[in-house]
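Order of the sequence lines sets the chain letters (A, B, ...), proteins ahead of strands, with each chain counted from 1. All values derive from a computational prediction rather than experimental measurement.
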There are 2 protein chains.
Amino acid sequence: MAPRVSEEHLQRRRADILNAATNVFMEKGYENTTMKHIMEAAGVSRGGLYQYFANKEDLFEALLEEGLHEEATNIEQLMKSSDSHWGLLMEMMFGKSRNPDAKMDPLAASKLEFFITGRNDDRRRAYGQKRYKLGVRLYADVIKAGQDAGEFSDRHDHELLAKSIITFIDGLALDDAILPEDEVQIEKQSKLFVEYLKMALEVQEI
Amino acid sequence: MAPRVSEEHLQRRRADILNAATNVFMEKGYENTTMKHIMEAAGVSRGGLYQYFANKEDLFEALLEEGLHEEATNIEQLMKSSDSHWGLLMEMMFGKSRNPDAKMDPLAASKLEFFITGRNDDRRRAYGQKRYKLGVRLYADVIKAGQDAGEFSDRHDHELLAKSIITFIDGLALDDAILPEDEVQIEKQSKLFVEYLKMALEVQEI
DNA sequence: TTGTAAAACGACACCGGTGTCGGTATAATG
DNA sequence: CATTATACCGACACCGGTGTCGTTTTACAA
């Protein structure tokens with residue numbers, strides 16, 4: 001028999017739930033939100049919610065996948081439009097491409113929470129590692145390309161530089177999540193780090 | 001009336017509990033350990049444990065305070081023995097002074113967990129901020145002293161540099177906690193960061 | 001309009017963790 | 001040795017979150 005509701009409706013409902021969940025996670029973080037919170041935010045019953053996601057972990061991972069996909073296509077765009085490897089790198093690190101005003105991934109804190117609390121769970125750990133590797137790859141490839149093109153110095157290993165970038169971003173996200181707005185001085189720290197990166201890569205351009 | 005057991009005994013018992021708790025937290029992390037786990041590890045009953053600590057949060061904070069105190073006296077020692085500000089800085093960042101073989105604070109991951117999951121709790125947040133400020137102060141003071149002594153360049157703001165150091169350490173601790181041993185390349189990243197720091201401070205010495 | 005598959009509902013039982021409390025064991029004191 | 005304050009014990013009641021399941025509603029097809 002044909003399905004009772006259209007495929008489109010299912011997708012839409014699912015998207016609505018994920019959307020509502022995003023807001024809740026942003027506000028409460030991962031550990032402190034319950035399925036009930038999400039139900040209420042999405043305006044759906046317990047049973048309704050569980051029809052789409054078997055548990056909170058699954059739901060959050062769906063959210064992660066969604067973000068990853070979005071980011072991937074975003075970077076793909078950037079790679080075509082950007083003129084220099086340095087410019088591309090900067091866009092990747094600080095790009096407001098996705099959210100014009102957001103200075104940082106609004107779910108960053110929850111993601112850290114998700115991975116750090118689940119660091120003893122094999123599944124979570126493996127998934128985190130997969131994402132990390134992907135991130136490293138992304139940056140490393142760009143740096144390598146820049147080095148091959150002669151735009152960057154190859155004094156340093158591109159992969160190590162990529163990892164350093166990610167460590168910096170993670171550290172900044174962490175401190176930003178924990179501490180009050182003005183305390184961390186994100187912009188200034190970023191500026192300093194960029195200056196350093198420029199030195200390490202021996203970038204000529206401004 | 002006189003107390004039923006000696007003050008020393010109470011201190012000892014408390015210390016035993018904290019000690020056992022440290023092991024549990026190291027293994028399971030903050031969120032995933034329960035009071036029951038700690039009871040069992042310490043070989044004490046439920047009631048016995050609650051005599052010393054009202055809840056897990058209190059207990060963990062006691063642990064934090066202990067570590068802080070230890071570190072403070074440690075640094076005090078260092079400041080007397082070290083010959084250069086640069087050497088002192090290196091000792092502060094990577095000093096094995098406390099634990100000869102440990103390459104990192106074994107509770108680092110649990111601490112991150114503690115603060116990130118509690119980032120919406122006013123109490124926790126304030127406490128985290130207090131600790132952050134103290135850390136910044138510690139590094140900033142040394143850098144400032146080095147600058148005043150002419151050993152470091154004062155091209156950069158000492159406080160900003162201090163914050164950058166902490167962000168780096170936090171980021172590294174985070175990635176180390178989440179990812180497998182060899183993935184993050186802690187040593188290499190550290191080496192790179194130190195090289196950068198040396199440049200930023202225009203340190204002459206090897 | 002009617003039949004029907006499945007989407008949506010919400011009451012329910014379950015579970016693990018928490019903090020309490022009345023009782024018991026024990027160590028200091030006279 | 002007897003007394004007594006209190007450290008220590010563990011059973012218990014409580015609570016919030018989870019996932020299930022029988023029921024109801026709904027959207028689509030015939």
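- Considering only heavy atoms from C-beta on, L59(B) comes within 4.5 Å of L49(B) through its side chain.
- Salt bridge K188(B)/D157(A): absent, no basic N to carboxylate O contact under 4.0 Å.
- Distance CZ (R12(A)) to P (dA7(C)): 17 Å, rounded to an integer number of Å.
- In this structure, M35(B) places its CE atom where more than 12 heavy-atom neighbours from other residues, nucleotides or ligands lie under 6.0 Å away.
- Ring geometry, F60(A) versus F114(A): the interplanar angle falls from 30° to 60°, so the pair is classed tilted.
- Put simply, the side chain of N120(B) gets close to the backbone of E27(A): a donor and an acceptor are under 3.5 Å apart.
- Screening K56(B), R123(B), R124(B) for a side-chain hydrogen bond (donor to acceptor under 3.5 Å, both in side chains) with E61(B), the sole residue that qualifies is R123(B).
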Short heteroatom pairs, N/O only, protein and nucleotides 18-20 of chain D, under 3.5 Å:
| residue | atom | partner | partner atom | Å |
| --- | --- | --- | --- | --- |
| dT18(D) | OP2 | M35(A) | N | 3.2 |
| dG19(D) | OP2 | Y50(A) | OH | 2.8 |
| dG19(D) | N7 | R46(A) | NE | 2.8 |
| dG19(D) | N7 | R46(A) | NH2 | 3.2 |
| dG19(D) | O6 | R46(A) | NE | 2.8 |

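- For the pair D16(A) CG and dA8(C) C1', the interatomic distance rounds to 14 Å; values are reported in whole Å.
- Nucleotide dC8(D) holds its C1' atom 17 Å from the CD atom of E40(B), rounded to whole Å.
- In this entry the distance linking CG of L10(B) with P of dT26(C) reads 17 Å, nearest Å.
- Rounded to whole Å, the distance from CZ on F53(A) to P on dA7(C) is 14 Å.
- To the nearest angstrom, P of dG16(C) lies 18 Å from CD of E31(B).
- Residue Q51(A) has no polar side-chain atom (N or O) positioned under 4.0 Å from OP1 or OP2 of dA8(C).
- Listed candidates were dA7(D), dA28(C), dC9(C). Nearest to the side chain of H9(B) is dA7(D).
- Computed from coordinates, the E57(A) CD to dG17(D) P distance equals 18 Å when rounded to whole Å.
- Using a 4.0 Å heavy-atom criterion, one finds that Y52(A) contacts the sugar-phosphate atoms exclusively.
- The distance from atom CD1 of I143(B) to atom CD1 of I165(B), rounded to the nearest 0.5 Å, is 4.0 Å.
- Regarding E7(A), its CD atom lies at a distance of 10 Å from the P atom of dA7(C), rounded to whole Å.
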